[in-house]
Structures are given as C-alpha cells and as structure tokens.
Amino acid sequence: MIAWMSYAFASVTLDAAPVQGTEVVIEVRDDLGDPDSGETVRVVHRPGLAGTRELAIGITDGRGRVRWTPAEGGVARVRAGDQVLDLRIEPEHRPDLTLSVLVALSLLGLGLLGFAVGYRAR
Amino acid sequence: MAAVPTPRLTDAVSIPGMTGLAVVLVCAASADLLHVAGLAPLALAAVVAAFVGIPAAGAEWRGPSEEPVGVGIVRRSLAELAGLGLLASATASLAQPPPDAPPASSWGAVALALGVWPAGAVLGRRPWLAIGILAAMVAGAGIWAATSVSLTPPWTLLEPHPEVWRRFAPRAVVLGALAAGAGLGPLATRTRPPGQWRAPWATAGLTIAVATIVALAQGAVWESSLGAGSLALPAALVSLVLVAGAMALGAGRGRLIAGLMATLWLLGPGEGAAGFVLDTLVPMGAAASLALAAWGSRGADRWWTALGAGVLTAAVAAGGTPPPRAVGEGVAIGLLLVGAFWVVATRAVLARRTA
C-alpha cells in the first residue's frame, strides 16, 4: 500500500500536446511528488517496431524540467529513470511514402477486382 | 467461333470461397508483418500476387476442370489438403486467446474456431447467402477502418521499412503467391464454371483490398492505444472470413470432420506446430499441386504454374518455420504427413481401379 502511494506521485508530464518541430517542456516528479532534478530523459521513437530510434533529450533542471523539440512524428516513449510516458507526437507533415503505398495498394486491389467484374459484366 | 458461356452470379460462389482462403492467410500473417516492417511486406505480397500468383492461378484455372485419374487426382487431393491445413492452422492461431484472457473468452474462441466448419458446410449450399456475407464483411471492415482512421491517423505502424527485407520477404512472397488461390482455390472449390477464368483476378484484388483495410484499422488501433492496444481482429470479421474459407472446401462430411479434428489438435496438443503447418506445410502442398499442374500443362501455362511452384518452394526454403522440436508434436506432424500420403494414394488407386 505504501509502495503504491509513493508510486502514485511519480510522473512524467508535458506542458502541451507534442507536435513535431515544436518545443515542449517535460516535467519529471519523483515518488514524493517533488521535482526530480538531474534525471536523464530519453525518448524512443516507434517503440517495438522496425526503425526504432532512441535519443537523449537532456537532463532535468532544478525544477525537474527539460525542454524538448520532437524531431519525429508518431508514437514514442519518454523515459526518465524508471518512469515511462507513452505519447503520440503529431507529425508536421503527412507521410508521403506511407500514403503513396496505401494509394498504390488500394488502386491495385480495386483495379484487379474491377478488371474481373468488368469482364463478367460484358 | 465458340460462344463463351454466360456465367451466373451464383457461380461466383467460387470467388468468395477462394478469397476466404486467401484472406485467412493475409489476416493470419499481416498482424505480425505490420510490426516487422509496416506496409512493406503487404506491398511486396501485392507485387508477387500480380506477377506470379495471378498468372499461376489463371493457368491452373484454365486447365481441365475434371481429371478423374492419375496426376489430376493427386493434384486435387494436394490442393484440398493444403487448403484444409491453411484453414485449420489459421483458425487455430486466430482463435488463441491472449494469456490474460478470462476463461469465458477462451471457451468462446474455441467455440468460434470449431463453429467455422459447420457454418462453412451450411454456406456451401447457399451461394447467395455466402455472397451477401462477403459483401457485408468488406463493407463492415471498410466502415470500421474509416472510423478508426478518422479518429487516429495510423502512420506509425504503417510506415514502410523495406530495409529489413530479410525478416519479411519469404513470408510476404508466400502470401503473394497464394493470394490469388494458386495451388489452393481452383481445385478446392467444388466447381469451376466455364467463363470464370478471371476469378483469380477478383480473388487477388479482393484480398489486397481487404488486407489494406485491415492494415489501416490495425494501424489506427495501435496508434490510438499508443502501441499497447491489442491488434486482434474483431471476432465478427475473423469468423466471416473463416466461414468463407471453410465454404471453399465444400460441404463434404469428410472435410468437415477432418477440419474439425485438425483445428482441435492445433488448438490443444499440437499448438506448437501451427506455425510449421501454416508457414511450411501449406505452401509446400500448394507448390506440389502447382508443380503437378505444370507437368500436365502446355505452353505458357506450364511456365506460369512452374514459376508459382518454384517461387513458393524458394520462399519456404529461405524462411519457412522449422518443424517443432518437442517429441509429441514431431510425432503428430509425422502422423499428419503419413495420413496425407494415405489420403492421396488411396484416392489415386481407387480412381485407377474405377477408370
């Protein structure tokens, strides 16, 4: 019970919803809810997927804060010591490659289907 | 010039059936593959389907529909066994509940997996209902995906990563080669109506479209749950797809019993062998069926079916799941292979006697 209460105060929070290319402030608090200074904060982009990338954001100041400008969009995991915060970074632009592949797959699927159905209709 | 017979719409029952088989494979494989490299495996599978799967299935489809003796019987038996193995292993793997699931949902998953076979047998006699189910399946999946994507754009999971091609290429190639039903569909269906030889195009097209829809929805679920959400497909979609696949195998009592037994085994004692059956035995069965089709074909059809068989064999050799190491599962796989040989040989001998 005591362990649960102490963990309940520990937190990693952001002052605003993260957007790629826009600076946000990360605030880290310890088990007692006090600012956790001197903590190294890291971010893992695309956790558990291909192309995952881990970057150091910085070390928290005396108020438990560190500034961060997300370089990538998408799902990421912020780590500060044992504390973890999963978040979604709004991408600056729509991903052209992913969209192109999606459009190509849709056109191919519908094109093949249309070819077969068109033949049946004649 | 001979007139091409006008196909009836109910003849298209062979299309949802074949599509069911192919989509089962896509659904069973895409969740893992999306995690490995985003949309890259699906794109590779689509290319292989267009340039290998469809021509091979088309060549097989153009062949004689009834071959009562010899190589034809062996071919048909191999295709049926491969289709049965595909459906049973995909059903079993999709019905596996998560480790922390409550007992009620576990029993529900088992009931769903076993119910697929009688449902498929019933639908095999009602083609209009089957077509309606397929249309509802695609429409429902499309609405579900559109809703999910409008709530959360699915870009993170779907981002293509072709640089890790060694990890996904063999499985994606198998997926593409089988997406049009090559080695499985045309021979597993009960009838091959004349004038339907473009069915493989429809099968592959529908498979790619449904796989894209499912990938979109999976990406949206993953993104909205910040990578922690379950990628399990909705039970309704899975069961409808499986029913369509079961329907392709027809309403024969022997297939119904064999399918039920195989699914039960893969859900229980043979759980560790499901990957081997799905990734290795099924493509090899389809490759053998295509190789025999090449043997009996002429001209370009011979080359297309041989290409399909060669691509499947190479993909399995490069990345097939090895056989299970546990003694019990190894013995069961051995018995399965002996049983398959017995089925094929018995049919061939009986056909030769009655010819």
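The model shown is predicted, which means the values in this text are computed figures rather than measured ones. Per chain, numbering begins at 1; letters A, B, ... match sequence-line order.
To the nearest 0.5 Å, atoms CG (B:Leu157) and CZ (A:Arg46) are separated by 7.5 Å. Atom CG of A:Leu49 and atom NE2 of B:His161 lie 7.5 Å apart (nearest 0.5 Å). Here the straight-line distance linking atom CG of A:Leu107 with atom OG1 of B:Thr212 works out to 10.0 Å at 0.5 Å rounding.
Using a 4.5 Å cut-off between heavy atoms, B:Pro154 makes no contact with chain A at all. Only the backbone of B:Val36 comes within contact range of chain A, judged by heavy atoms closer than 4.5 Å. Looking at B:Ile213, neither its backbone nor its side chain comes within 4.5 Å of chain A, counting heavy atoms on both sides.
Heavy-atom proximity under 4.5 angstrom to chain B picks out A:Pro95, A:Leu97, A:Thr98, A:Leu99, A:Val101, A:Leu102 from residues 93-104 of chain A. For residues 57-75 of chain A, a heavy-atom distance under 4.5 Å to chain B picks out A:Gly74, A:Val75, given by residue number.
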Query raised in the report: Is there a side chain to side chain contact (heavy atoms under 4.5 Å, CB included) between B:Trp201 and A:Leu113 once you walk through the steps?
Result: CA-CA 6 Å; B:Trp201 296 76; A:Leu113 197 56; over 6 Å; no

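Minimum heavy-atom separation, B:Trp222 to A:Pro47: CZ2-O, 3.9 Å. Between B:Ala43 and A:Leu105, the shortest heavy-atom distance links the atoms CA-CD2, 4.0 Å.
Comparing B:Glu163, B:Glu159, B:Arg167 by how many heavy-atom pairs each has under 4.5 Å with chain A, the most go to B:Glu159. Per-residue heavy-atom pair counts under 4.5 Å with chain A were compared for B:Ser224, B:Ala215, B:Ala202, B:Ala209, and the maximum is reached by B:Ala202.
Counting heavy atoms from C-beta on, the side chains of A:Arg88 and B:Ser225 never come closer than 4.5 Å.
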